[in-house]
Amino acid sequence: MILPTPGASFRWRQTRAGAALVCEPLERFATHLFTSRTWKLGSRRADLTDHDSWAELAVEMAGPLGVTRVRQVHGRGVVVAKPGSEATPEGDILIASDARLAIAVQAADCVPLLFVDPVKRVVAAAHAGWRGMAAGVPQTTLAALEREFGCRPEDLRVAAGPSIGACCYEVGSEVRNAFMASGWTDDSIRACFHDRPTPTPVNPSIRLRSPSSGCWFFDGWECTRRQLEAAGVLADRIHSAGLCTASHPEAFPSYRRDGDCAGRIAGAIRLA
Ligand SMILES: [Zn+2]
């Protein structure tokens, strides 16, 4: 399989479970990865249980206390992971300060985000589709890190994993309206919503449904960057994998492309 070329800060790493993306500026501080389609999670094969699929990730993350997850609901609820808690609470943002504990989110087109603060020694993982972006998941994660652990935005390093790009992500005007209603500036709206698909040599457009009038192409990567920068994260500490899940059927699952049978990408992180 020829893997697509990620953004400059990322590289592919071969694991026992398959290829994974890592973000080099985070590597010193945290064990982390974004999984690909070759992982059990990425295929949703009928003969695999959810437990089997996540066990594979737990092996690779090698945290003595396993991997903590949340039941994701496209909101902005925050959960601080604690050793010994068995339940899977509801939320879309996970924070951990215990190096024995890995945390993970899953996505199948939404943006998986990983954060590390090497000063306060805290990590976070968050999941945001357009609903989460409109609700301010990136900013909410920063606010929670500051409130719970005294983190400063300028110390944070953030990695945004593969997700559907503006090459392929057609949305209706209701999505754009939701951002306008949540106070986004005209400038940000213009930067995040394009009136036509914006393919690149790395991310070709895939026509996922017949074109409809009044549609927009949503750029979740730009949306992420703007929210983080507005909240004080330094521009050169925000890293995007720059790979569209829909454009690369061989490498990534995509809900838009594959529907209900789509597998998932996991974004997982643990303090080094
Ligand atoms: Zn695409």
Side-chain angles (χ1 to χ4, degrees), residues 1-12 18-21 23 33-39 41-44 74 105-114 126-134 137-138 159-176 178-179 188-227 238-267:
M1 179 171 62
I2 298 171
L3 295 164
T5 304
S9 305
F10 283 74
R11 65 177 173 82
W12 287 103
L21 279 167
C23 181
L33 49 77
F34 296 98
T35 62
S36 67
R37 192 164 188 178
T38 52
W39 290 59
L41 270 172
S43 62
R44 190 161 280 196
H74 293 279
V105 290
Q106 59 176 327
D109 280 339
C110 296
V111 185
L113 290 167
L114 300 178
H127 153 266
W130 74 260
R131 283 187 178 80
M133 289 293 174
V137 162
S163 63
I164 193 166
C167 37
C168 299
Y169 196 14
E170 183 184 329
V171 298
S173 53
E174 74 281 1
V175 173
R176 189 165 169 269
F179 279 79
S188 289
I189 296 285
R190 265 196 303 276
C192 297
F193 289 89
H194 306 279
D195 60 4
R196 60 182 69 87
T198 56
T200 64
V202 175
N203 293 306
S205 290
I206 289 183
R207 178 56 73 184
L208 294 169
R209 60 188 188 197
S210 51
S212 46
S213 61
C215 71
W216 298 92
F217 288 82
F218 177 57
D219 188 341
W221 308 340
E222 175 68 13
C223 187
T224 300
R225 192 187 63 76
R226 283 181 172 249
Q227 286 197 38
I238 302 168
H239 308 282
S240 175
L243 292 175
C244 169
T245 42
S247 296
H248 299 287
E250 72 294 348
F252 303 117
S254 164
Y255 185 80
R256 259 306 164 93
R257 190 191 62 226
D258 305 334
D260 287 339
C261 64
R264 296 288 182 270
I265 286 173

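Values in this document were obtained by computation on a predicted structure and should not be read as measured data. Whatever order the structure lists them in is the order used to number ligands and atoms, beginning at 1. Count residues from 1 along the sequence. Atoms considered below: every heavy atom in the structure, side chains included; atoms not considered: hydrogens, waters and symmetry mates.
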Verify the distance criterion only: is there a donor paired with an acceptor across the side chains of Ser163 and Asp109 at less than 3.5 Å? no
Pair Tyr169 and Phe217, ring centroids less than 6.0 Å apart: no
Over 12 foreign heavy atoms within 6.0 Å of CZ, Arg196: no
Just to the nearest 10 degrees, tell me the angle at the Zn ion (ligand 1) spanned by Cys167 SG and Ser247 OG. 110°
For Pro253 against Thr245, the heavy-atom pair lying closest together: O-CB, 3.5 Å
What angle sits at the Zn ion (ligand 1) between SG of Cys168 and SG of Cys244, to 10°? 120°
Would you say the Zn ion (ligand 1) has Tyr169 as a near neighbour, meaning an N/O/S atom of that residue under 2.8 Å away? no
